[in-house]
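Quick caveat: nothing in here was measured; it's all calculated off a predicted structure.
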Amino acid sequence: MSPSSSSSESKLPLKPIPGDYGSPFFGAIKDRLDYFYNQGKDEFFKTRIQKHNSTVIKTNMPPGPFIAKNPHVIAVLDAVSFPILFDTSKVEKYNVLDGTFLPSLSFTGGHRVCAYLDPSETKHTALKSYFMSVLASTHSEFIPLFRSCLSQLFVSIEDGIASHKKANFNNLGQAMSFNYIFRLFCGKDPSETAIGSKGPAIADKWLALQLGPLFTLGLPKFLKYVDDLLLHTFPLPFFLVKSDYYKLYDVFYASSGPILDKAESFGVTRDEACHNLVFLACFSTYGGLKVWFPAMIKWVGLSGEKLHRQLADEIRTVVKEEAGITIQALDKMVLTKSVVYEAFRIEPPVPFQYAKAKEDIVVESHEAAYKIKKGEMIFGYQPFATKDPVVFDHAEDFVGHRFVGEGEKLLKYVYWSNGRETVDPTVEDKQCPGKDMVVLLSRLMLVEFFLRYDTFSVETAVLPIGSSVTFTSLVKATSI
């Protein structure tokens, strides 16, 4: 049964949605302070689930006043209710990428890029079709180019450990990711262009000014009101990054000629295509990978030598049998695939999803059904959906073999790509068009890693966005 089936079809009791929004203005401020400073994200939702005995609740979501006009949301916080966010026949995705507010379109050259469009809009079909065509045309480069970039990354990590006894993976990994993406789309190294080695720094600044209202600076708690005033009270201005953004745009415009040439056949102007390409490359792909790769390495690193040995054995055996690293070889590595999916499950790179109800709909949790009214904003906190203890045993633990064998049936509850892992993206939905590429690169990173090394250790810390990972040891492979 669809989780958004009508109440007449539902076998669960129809209940009113519990929770409240508090008093106007001040209720949103209180929830914002709880969310960012007093409780933190996980505790914020956990306490409300416990208070109302429900995983579907009313609450306010940041940033609230004065950036967002209406902070009210219906939060869906379990594996069953969460997928309503994917059903574009019942929800709309118009300007909801960042939630209850929309950053200035100046950040994207005045265009509503594809990520802000609802699938019902003609331009969405044109742009997503264009993206999927671009990815298809570069598909043959995915593996050889990434292997080249990984080789340079591993040398840098080894040099860092040799010189300083440790190597920060985040900085090295995001430089590698930007380099890979730029070379994939533009056919040259960014060092050969006007941005030189500054690409990641420019992209980080551009991302931070758009997404700042959703995060904190990580200041000490006694400075929480300063942090809140700076990031969550007024929109962050584009002029702070304008010159840098247009350097990035100009470099992509000059370097991605063959890709931009395709745009007109999809009814997209060259200028709009380039702004969308910058967003796809630097926001969706680079912005995602800079969070995702450290998360994956963190969980594999913390899992210890037993899992490392199992991965190394599988990877080396299959590579030997297949006489190389191919897509067919990667597909035979069942444990490696499972480890990647488990990392996506336990720490999805984009934890928040939003949508607005197109009509009155009924959403089901495990225990009840709830009516959401037309026009209400629906919010999903993905880590609670993908760590739902009703669906996953030991949901809070990283279990490397979780998706091996019969465990594959659970893949439909892995939602990192803004869709089920068992579903492929289409132009009619909002699922990540690069879903398969990201999964492929993730597997490839583990394969290349365990061909070179037997085991490793890491130190980790929590960042305002994602995790910090530092390599403290690497043991080179003793047998291949």
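- A cation-pi arrangement, defined by a distance under 6.0 Å to the six-membered ring centre and an angle within 45 degrees of its axis, is present between Arg112 and Tyr94.
- Between Ser417 and Pro425, every side-chain heavy-atom pair lies at or beyond the 4.5 Å cut-off.
- Under the 30°/60° scheme for interplanar angles, the aromatic rings of Tyr341 and Phe403 are found to stand perpendicular.
- Ring geometry, Tyr381 versus Phe384: the interplanar angle falls from 30° to 60°, so the pair is classed tilted.
- Under a cutoff of 6.0 Å and an axis angle of 45°, Arg345 and Phe392 form a cation-pi pair.
- Side-chain contact between His124 and Lys430 is present, with at least one heavy-atom pair separated by less than 4.5 Å.
- Between Phe352 and Tyr35, the ring planes lie tilted relative to each other; the angle falls in the 30° to 60° range.
- Scanning both residues, Asp454 and Lys476, for their nearest heavy atoms gives OD2-O, 3.5 Å.
- Checked against a 6.0 Å centroid threshold, the rings of Phe344 and Trp292 count as neighbours.
- Heavy atoms only, all atoms of each residue included: Ser256 and Leu277 are closest at OG-CD2, 3.5 Å.
- Here the side chain of Asp78 pairs a donor or acceptor atom with the backbone of Ser81 at under 3.5 angstrom.
- Look at Lys337 and Asp331 and you find a salt bridge, because one of the NZ, NE, NH1 or NH2 atoms lies within 4.0 Å of a carboxylate O, short of that distance.
- Using a 30° and 60° split on the angle between ring planes, Phe252 and Phe182 fall in the perpendicular class, above 60°.
- In summary, Lys198 and Asp204 do not engage in a salt bridge, as defined by a charged side-chain N under 4.0 Å from a carboxylate O.
- Between the side chain of Ser151 and the main chain of Arg147, a donor-acceptor pair closer than 3.5 Å is present.
- In this structure, Pro349 and Gly288 approach most closely via the heavy-atom pair CB-O, 4.1 Å.
- Judged purely by atom type and a 3.5 angstrom limit, Lys247 has no side-chain atom pairing as donor or acceptor with the backbone of Gly199.
- The shortest heavy-atom contact between Ser303 and Trp299 is OG-O, 2.7 Å.
- Note: Tyr415 and Phe82 meet the aromatic proximity criterion, with ring centroids under 6.0 Å apart.
- With a 4.5 Å cut-off on side-chain heavy atoms, Phe142 and Leu440 count as touching.
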